[in-house]
Amino acid sequence: MERKYKPDPLIITLIAFEILLVCLYIGNWAIGRPYTKFNHLTDLDGEASICCWFSVVQLSLVAMITSVIAYARFDRKNLISWTIIGIPVIFFLLSMDEHIQIHEWLGVKSDIFLKGGSRLNTPYRKTGIWAFLIGIPFMALFLTYIYLLKKYVGNIFNFRIFTFGILIFLGGAMTHDMFNNIYPNTNTLGGIIIISLEEFLEMFGITIILAGMLDTLNSILQYQRNEIKSASPQKSEHLLQDDLKK
């Protein structure tokens with residue numbers, strides 16, 4: 001019988017906070033953005049905003065939790081288990097990119113493939129063509145990588161929740177690059193809606209991933225507790241000591 005997923009209170013709190021950030025951004029725009037400091041803090045598209053740091057913390061949490069899961073499931077003799085290490089590494093790099101904007105820098109460099117080396121006279125004057133050169137290939141490779149993990153070691157992750165979160169997260173980023181060129185001005189209603197949709201989908205996607213990882217981690221811990229309880233008293237003591245050493 002399939003175990004039913006019960007949302008963690010932390011996940012519900014995070015989603016509520018994400019909705020609040022979007023409401024503050026839209027509300028601040030609606031009243032004319034009167035306070036400079038508040039504008040910076042609530043700017044969903046800014047790199048010194050609450051939203052940016054919130055996403056960095058979220059991705060870092062996913063990286064840390066997946067590191068624990070990878071360690072718990074790692075087996076040196078199983079070559080497939082070595083691929084698990086890539087999951088926390090990817091999310092750690094994504095958390096870095098959220099703040100230092102590696103993909104934006106690569107996007108600027110990719111302008112050399114455009115006529116005249118500039119995006120200004122193209123339909124992609126705001127975001128460039130990085131989504132086609134980097135974004136879509138990364139999405140395809142990442143999803144293939146996740147599928148291979150499920151195929152060979154499907155018991156490691158709550159696969160459906162994890163994959164759903166990945167699709168939302170990457171879909172949000174793609175939404176930005178598809179429509180931000182149509183509404184490049186963030187002072188218009190169209191621009192505000194596009195940015196709000198992109199950032200909410202990215203934050204919500206990370207939260208869904210985090211939910212899947214927390215659920216998986218809880219399953220691993222519960223399994224270990226059951227193993228200890230079902231063992232003899234002497235064996236239980238040895239298992240507890242082994243866990244402490246780890």
Item to complete: Check whether any side-chain heavy atom of L94 sits under 4.5 Å from a side-chain heavy atom of F169, and report yes or no.
Response: yes
Discussion item. Starting from I208, can I reach L10 by hopping between I/L/V/M/F/W/Y residues whose side chains sit under 4.5 Å apart?
Written reply: yes
Item to complete: Indicate the atoms forming the closest heavy-atom contact of I90 with F138, along with that distance.
Response: CG2-CZ, 4.3 Å
Worksheet entry | Within 6.0 angstrom of Y145 OH, more than 12 heavy atoms from elsewhere | yes
Worksheet entry | N/O donor-acceptor pair under 3.5 Å between D97 side chain and L93 backbone | no
Response to the item:
Heavy-atom closest pair (F92 atom, A63 atom, distance to 0.1 Å) is N-CB, 3.8 Å
Item to complete: Working to the nearest 0.5 Å, report the span between CD1 of I136 and CG of L141.
Response: 12.0 Å
Fill in: Candidate pair E18 and F54, rule side-chain contact (heavy atoms from CB on, under 4.5 Å), full reasoning
CA-CA 9 Å; E18 292 156 11; F54 177 71; 3.5 Å; yes
Discussion item. How long is the straight-line distance from OG1 of T66 back to CZ of F91, given to the nearest 0.5 Å?
Written reply: 6.5 Å
Worksheet item: Which value, rounded to the nearest 0.5 Å, describes the distance between I31 atom CD1 and N28 atom CG?
Response: 5.0 Å
Discussion item. Check for me, please, whether L59 and W53 land in the same ILVMFWY cluster - side-chain distances under 4.5 Å, paths through other members count.
Written reply: no
Worksheet item: Given side chains that start at C-beta, do those of I195 and Y25 come closer than 4.5 Å, heavy atoms only?
Response: yes
Discussion item. Restricting to non-hydrogen atoms, name the atom on I166 and the atom on L143 that form the minimum distance, rounded to 0.1 Å.
Written reply: CG2-CD2, 3.6 Å
Fill in: Criterion side-chain contact (heavy atoms from CB on, under 4.5 Å) on M203 and L21, from CA distance to verdict
CA-CA 10 Å; M203 291 187 292; L21 288 177; 3.9 Å; yes
Worksheet item: CG of L210 to CG of L214: how many Å apart, nearest 0.5 Å?
Response: 4.5 Å
Worksheet item: So F164 and I209, side-chain contact (heavy atoms from CB on, under 4.5 Å) or not? Walk me through it.
Response: CA-CA 8 Å; F164 185 53; I209 296 169; over 6 Å; no
Discussion item. Restricting to non-hydrogen atoms, name the atom on V56 and the atom on S60 that form the minimum distance, rounded to 0.1 Å.
Written reply: O-OG, 2.8 Å
Fill in: N/O donor-acceptor pair under 3.5 Å between S49 side chain and D43 backbone
yes
Worksheet item: Of all heavy-atom pairs between M213 and I69, which one has the smallest distance, and what is that distance?
Response: O-CD1, 3.6 Å
Worksheet item: Can you check whether F17 reaches I50 side chain to side chain, under 4.5 Å on heavy atoms?
Response: yes
Item to complete: Any chance you could measure L41, atom CG, to C52, atom SG, to the nearest 0.5 Å?
Response: 12.0 Å
Fill in: Exercise: identify the closest heavy-atom pair between M139 and G171
CE-N, 4.3 Å
Worksheet item: Under a single-linkage definition using a 4.5 Å side-chain heavy-atom cutoff for Ile, Leu, Val, Met, Phe, Trp and Tyr, are I192 and I19 assigned to the same hydrophobic cluster?
Response: yes
Worksheet entry | Non-hydrogen side-chain atoms of I87 and V62 separated by less than 4.5 Å | no
Worksheet item: Between atom CZ of F142 and atom CG of L167, what is the distance when rounded to the nearest 0.5 Å?
Response: 10.5 Å
Worksheet item: Will you find, in the side chains of E202 and Q58, an N or O donor that is under 3.5 Å from an N or O acceptor?
Response: no
Worksheet item: Which is it for L24 and L20 under the side-chain contact (heavy atoms from CB on, under 4.5 Å) test, yes or no, and what are the steps along the way?
Response: CA-CA 6 Å; L24 287 174; L20 175 63; 4.1 Å; yes
